[in-house]
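This one's a predicted model, so the numbers in the text were calculated from it and none came from an experiment.
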Amino acid sequence: QVQLVESGGGSVAAGGSLTLSCSVSTYNNRDYCMGWFRQAPGKRREPVARLYPGYSPYYADSVKGRFIFSQDKAKGTLSLQMNRLSAEDTAMYYCAATGSDDWDCPDLQEADFDYWGQGTQVTVSS
């Protein structure tokens, strides 16, 4: 069982930065594939980034070079640093987790994730 709680969303002007956090509570010592997803109004939820402990994060092309996904396992937190934001980044952002092997993690999609946070809204004004 994994519990996830996002925070840090808000409104920001285009070109600005915002950092999202996700508090992660697990009740075992196993490693999970962690992910950030987002869903804009009228669109399907899409992957933003995925990370397996000890490996480099995997990013969607739309955020590569602008977003940084990190994990502090000792503190039980995930962070998504978002830079050079544009109106296209406006969405509800979710953190997610699932049990997987390390080589699977970069390819996992929404349906593969078992645990989800409640989401945090990011609004970028142009």
Side-chain angles (χ1 to χ4, degrees):
Q1 187 73 14
V2 180
Q3 293 182 324
L4 304 164
V5 179
E6 303 94 337
S7 62
S11 297
V12 63
S17 298
L18 204 60
T19 298
L20 305 182
S21 297
C22 178
S23 173
V24 182
S25 299
T26 65
Y27 300 95
N28 53 53
N29 290 321
R30 69 172 297 181
D31 287 328
Y32 290 85
C33 176
M34 311 302 297
W36 284 98
F37 289 76
R38 66 185 182 185
Q39 187 169 21
K43 294 187 178 181
R44 296 186 64 178
R45 189 152 52 183
E46 62 177 5
V48 173
R50 281 146 285 183
L51 180 152
Y52 195 88
Y55 291 79
S56 297
Y58 179 82
Y59 298 97
D61 288 343
S62 58
V63 306
K64 199 174 295 182
R66 299 188 299 123
F67 288 14
I68 301 172
F69 183 11
S70 60
Q71 179 181 25
D72 187 333
K73 201 175 179 187
K75 294 183 178 179
T77 58
L78 306 174
S79 294
L80 184 68
Q81 181 180 337
M82 305 184 295
N83 302 310
R84 303 198 312 273
L85 287 163
S86 71
E88 287 69 35
D89 296 312
T90 293
M92 184 73 78
Y93 282 72
Y94 300 87
C95 62
T98 191
S100 79
D101 295 308
D102 51 0
W103 60 84
D104 285 336
C105 187
D107 298 320
L108 296 182
Q109 301 300 313
E110 177 187 1
D112 300 312
F113 282 79
D114 297 318
Y115 307 101
W116 293 85
Q118 81 288 350
T120 186
Q121 179 67 38
V122 172
T123 302
V124 184
S125 57
S126 56

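- Counting only heavy atoms from C-beta outward, the side chains of Pro53 and Gln71 approach each other to under 4.5 Å.
- You'll find the side chain of Ser21 stays beyond 4.5 Å of the side chain of Thr77, heavy atoms only.
- Taking the side chain as every heavy atom from C-beta outward, Arg38 and Val63 approach each other to under 4.5 Å.
- A 4.5 Å side-chain heavy-atom check between Met82 and Leu20 finds at least one atom pair inside the cut-off.
- A distance of 8.0 Å separates OG of Ser11 from CD of Gln121, quoted to the nearest 0.5 Å.
- If you check the side chains of Gln3 and Tyr27, you find a donor sitting under 3.5 Å from an acceptor.
- Looking at every heavy atom in both residues, Ser17 comes nearest to Arg84 through OG-N, 4.3 Å.
- Listed here is the closest heavy atom pair of Ser126 and Ala14: CA-CB, 4.0 Å.
- Enclosure of atom OH in Tyr115 by more than 12 non-hydrogen atoms of other residues, nucleotides or ligands within 6.0 angstrom is indicated.
- The shortest distance between side-chain heavy atoms of Ser100 and Tyr52 falls below 4.5 Å.
- With hydrogens and angles ignored, the 3.5 Å screen pairs a side-chain donor or acceptor of Thr90 with a backbone N or O of Val124.
- Contact between Ala97 and Val2 at its shortest, heavy atoms only, is CB-CG1, 4.1 Å.
- Residues Val122 and Trp36 fall within the same hydrophobic cluster, defined by Ile, Leu, Val, Met, Phe, Trp and Tyr side chains chained together at heavy-atom separations under 4.5 Å.
- A side-chain donor-acceptor contact under 3.5 Å links Arg50 to the backbone of Pro106.
- Within the 4.5 Å cutoff, the side chain of Arg45 has no heavy atoms near those of the Gln109 side chain.
- Note on Leu85 and Val48: same hydrophobic cluster, where clusters join Ile, Leu, Val, Met, Phe, Trp and Tyr whose side-chain heavy atoms are under 4.5 Å apart, directly or indirectly.
- With rounding to the nearest 0.5 Å, the separation of CG in Asp102 from CG in Asp31 is 9.0 Å.
- No side-chain heavy atom of Arg66 sits under 4.5 Å from any side-chain heavy atom of Tyr59.
- No donor-acceptor pair closer than 3.5 Å links the side chain of Glu110 to the backbone N or O of Pro47.
- Note on ring orientation: taking the six-membered ring where Trp is involved, the planes of Tyr93 and Phe67 are tilted (angle from 30° to 60°).
- Here the side chains of Cys33 and Asp104 are not in contact, with every heavy-atom distance at 4.5 Å or above.
- Note: the hydrophobic cluster containing Leu78 does not contain Tyr94 (ILVMFWY, side chain heavy atoms under 4.5 Å, direct or indirect links).
- Between the side chain of Glu6 and the main chain of Gly119, a donor-acceptor pair closer than 3.5 Å is present.
- Residues Leu80 and Leu51 share a hydrophobic cluster, clusters being chains of Ile/Leu/Val/Met/Phe/Trp/Tyr side chains in contact below 4.5 Å.
- Phe69 and Met92 are not part of a single hydrophobic cluster, where members link through side-chain heavy atoms under 4.5 Å apart.
- Geometrically, Arg30 engages Tyr32 in a cation-pi contact defined by less than 6.0 Å to the ring centre and at most 45° from the axis.
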